[in-house]
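Whatever order the structure lists them in is the order used to number ligands and atoms, beginning at 1.
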Amino acid sequence: MTGTFDFNNDSHRRYNPLTDSWVLVSPHRTQRPWQGQQEKTSAGGLPEYDSACYLCPGNTRATGPVNPKYKSTFVFVNDYAAVKVDQPPYEQSGSGDDDLKARLLHAQGTRGTCFVICFSPKHNVTLPLMSVPEIENVLETWTALYDKLKTETTFRYLQIFENKGAVMGCSNPHPHCQAWCIETLPSEPAKEFTSLRSYNAKHGTCLLCDYAKVEQQDPIRIVVQNESFLALVPFWAVWPFETLILAKSHTASLVDFSPKQKTDLADLIHKLTIRYDNLFQTSFPYSMGLHQAPINPVEDETQLSHFHMHFYPPLLRGATVRKFLVGFEMLGEPQRDLTAEQAADRIRAVEEVHYLLK
Ligand SMILES: O=C1CCN([C@@H]2O[C@H](COP(=O)(O)O)[C@@H](O)[C@H]2O)C(=O)N1
Ligand SMILES: [Zn+2]
C-alpha cells in the first residue's frame, strides 16, 4: 500500500504515558449507523427547591439527619459510605512464599470516610449554570476539606469526584460531588505515580509539565485555557469528548494554589462545562475527578504530584447516544472512532455562552 499514513483516516493505537496503556483509534468508521440504545435526556425544568430531595437545605435525609438551611456549600458524611472508619485491621501478605493461597489470594482491610459536598442550595443548577465566584466557593470547600483531613487523619488519599447526570449513575440531580478519604492509595493514582516516577527518573523532569509544553507548542487539542490552566482532549483520550484540565505550573494540590490559580481554575471549569453543555444542547453527563498529592504522601509523591482533573463524559453522537466500553474494549483495549483532535475541534467550535442563558 503506498501513500502516507493519515491520522484522520488510518487505524492506529495511541499510548497513554500516565497509565502505561494503549487506545485503538479507528477514524475511518465515524459514519457507521447507530440503531442501538438511545439515552433519555434530562427533562430539565427542575425546581429550585425539592421537598423530596435528600440534599436540599432543611430536608431530612434517608437515615434521619436533617440538613441545615445552608446558603452556599454543604458537606456531610455519607450515610452509606463505601468504607468504614473503624474496623479490625487486616493485611494478608501477597508475598511469593510457597503457600499458593497466600501468593495468589491477596486482600487488605481498608478504612476511610466518605463525604458528600453540595455545590449550592439550589436544586436546579449545575457547575456551568453557577457563577465563577460560586465555583470558587466550591474549590474553597474542597481545599478546606483536604486541609482538614491532611492535619486530622492518618488516612492516605482523598479522591474528590463528581458523577453528573443519571446516565452516570448519579442518584440525585441536586448539584453535588463526593470525596472519599481512604487509608490506601487507589489503583488509578498509584498507576500515575508509577509513570510519573519512572519518567522523572529517566528524564529528570515532570511528565505533565512536559506534556503541557508539547500541547502549547501546537494547540490542536486545547479546547480552552487561561493563565494558569489548560483544558484539552488528551492525545490518548479514551471517551469521545474526554478532557484533562492541567495546571500550567508544577503545583501539587489544592492547598498549594495561589488565590489567582484558584480563580483561574474556577474560571476554566466554568468555561469547559459550558462548552460541554453546548455540544449537544443538553446537561452534559460525566464523571470527573481531581488528581493531586495524597493527603499523607510517602517518599517522593508530593514532588511528583502535578494537579490535574479528568473529565470522562459518555456521550458519543448527540444527547441520547452514549459510548459503551464493552467487547473488544474490555477484552482487548479501549477503542474510539472520533479522534482526539476532531473532538477538540467540536468543543472549540461551540459558543462560550450557555445555551440556556443566551
Ligand atoms: O440521605 C442520603 C441520600 C444520599 N446519600 C449519599 O449521597 C450520594 C449521592 O452521590 P451520587 O449521586 O454520586 O450517587 C450517595 O453516595 C449516597 O450514599 C446520603 O449520604 N444520604
Ligand atoms: Zn435538592
Side-chain angles (χ1 to χ4, degrees), residues 39-87 110-131 134-135 137-139 141-142 145-146 148-149 153 155 157-183 186 188-189 239 242 269 273 276-277 282-291 309-315 322 325 356:
E39 305 295 336
K40 282 192 296 304
T41 54
S42 54
L46 292 171
E48 192 168 293
Y49 167 75
D50 178 346
S51 57
C53 168
Y54 290 126
L55 305 183
C56 266
N59 285 3
T60 303
R61 294 206 302 275
T63 56
V66 179
N67 297 333
K69 290 191 187 299
Y70 60 96
K71 301 283 183 231
S72 60
T73 56
F74 167 49
V75 184
F76 64 91
V77 175
N78 199 312
D79 301 308
Y80 308 92
V83 280
K84 290 169 68 177
V85 69
D86 197 9
Q87 61 181 27
T110 193
R111 297 169 300 149
T113 312
C114 297
F115 300 89
V116 180
I117 302 162
C118 296
F119 295 155
S120 165
K122 291 182 187 161
H123 185 77
N124 59 353
V125 295
T126 55
L127 290 175
L129 293 170
M130 290 165 64
S131 67
E134 286 171 332
I135 297 176
N137 192 29
V138 171
L139 296 183
T141 305
W142 290 347
L145 181 63
Y146 184 99
K148 179 175 183 313
L149 293 167
T153 171
F155 291 157
Y157 188 78
L158 180 67
Q159 183 56 62
I160 297 171
F161 64 95
E162 179 192 8
N163 294 324
K164 178 179 175 239
V167 73
M168 293 313 283
C170 173
S171 61
N172 181 320
H174 193 104
H176 70 280
C177 73
Q178 296 193 48
W180 294 10
C181 174
I182 61 175
E183 70 178 326
E188 284 305 303
W239 292 94
E242 173 181 335
I269 291 171
T273 53
Y276 265 152
D277 277 9
T282 189
S283 182
F284 201 70
Y286 57 68
S287 266
M288 69 85 157
L290 282 59
H291 277 168
M309 292 173 69
H310 294 283
F311 283 78
Y312 297 131
L315 292 187
R322 66 160 293 162
L325 277 180
L356 289 179

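Between F74 and F76, a ring centre-to-centre spacing shorter than 6.0 Å is recorded.
Using a 4.0 Å cut-off to heavy atoms of F76, the atoms of ligand 1 that qualify are 19 (C), 20 (O). Applying the 4.0 Å criterion to heavy atoms of N163 picks out, from ligand 1, the atoms 13 (O). The contact set between ligand 1 and C170, taken as ligand atoms under 4.0 Å from a residue heavy atom, comprises 12 (O).
For the pair ND1 of H174 and ND1 of H123, the angle at the Zn ion (ligand 2) is about 110°; rounding is to 10 degrees.
The Zn ion (ligand 2) has no N, O or S atom of C118 under 2.8 Å away, backbone or side chain.
For the atom pair M288 CE and M168 CE, the distance stands at 12.0 Å (nearest 0.5 Å). Distance check: L158 CG to T153 OG1 gives 10.0 Å after rounding to the nearest 0.5 Å. Atoms OG and NE2, on S120 and H174 in that order, are 6.0 Å from each other to the nearest 0.5 Å. Atom SG in C114 sits 11.5 Å away from atom CD in Q159 (nearest 0.5 Å). Between atom SG of residue C118 and atom CG of residue L55 there is a gap of 4.5 Å, rounded to the nearest 0.5 Å.
For atom 14 (O) of ligand 1, the closest non-hydrogen atom of the protein is S171 OG, 3.2 Å. Here the protein heavy atom with the shortest distance to atom 1 (O) of ligand 1 is A62 N, 2.8 Å. Nearest protein neighbour of atom 13 (O) of ligand 1, counting heavy atoms only, is Q178 NE2, 2.9 Å. The closest protein non-hydrogen atom to atom 15 (C) of ligand 1 is N78 ND2, 3.7 Å.
Test P175, P285, S283 against K164 for side chain to side chain contact (heavy atoms under 4.5 Å, CB included) and you get one pass: S283.
Ligand 1 has no N or O atom lying under 3.5 Å from any N or O atom of Y54, backbone or side chain. At a 3.5 angstrom cut-off on N or O pairs, D79 counts as close to ligand 1. For ligand 1, the polar-atom distance check finds no N/O of V116 at less than 3.5 Å from any of the ligand's N/O atoms.
Between H176 and ligand 1 there is a heavy-atom distance shorter than 4.0 Å.
Closer than 4.0 Å to atom 4 (C) of ligand 1 lies none of the heavy atoms of the protein.
Relative ring orientation between F119 and W142 is described as perpendicular, the plane-to-plane angle rising above 60° on a 0-90° scale split at 30° and 60°.
For the pair F115 and L149, the minimum side-chain heavy-atom distance is below 4.5 Å.
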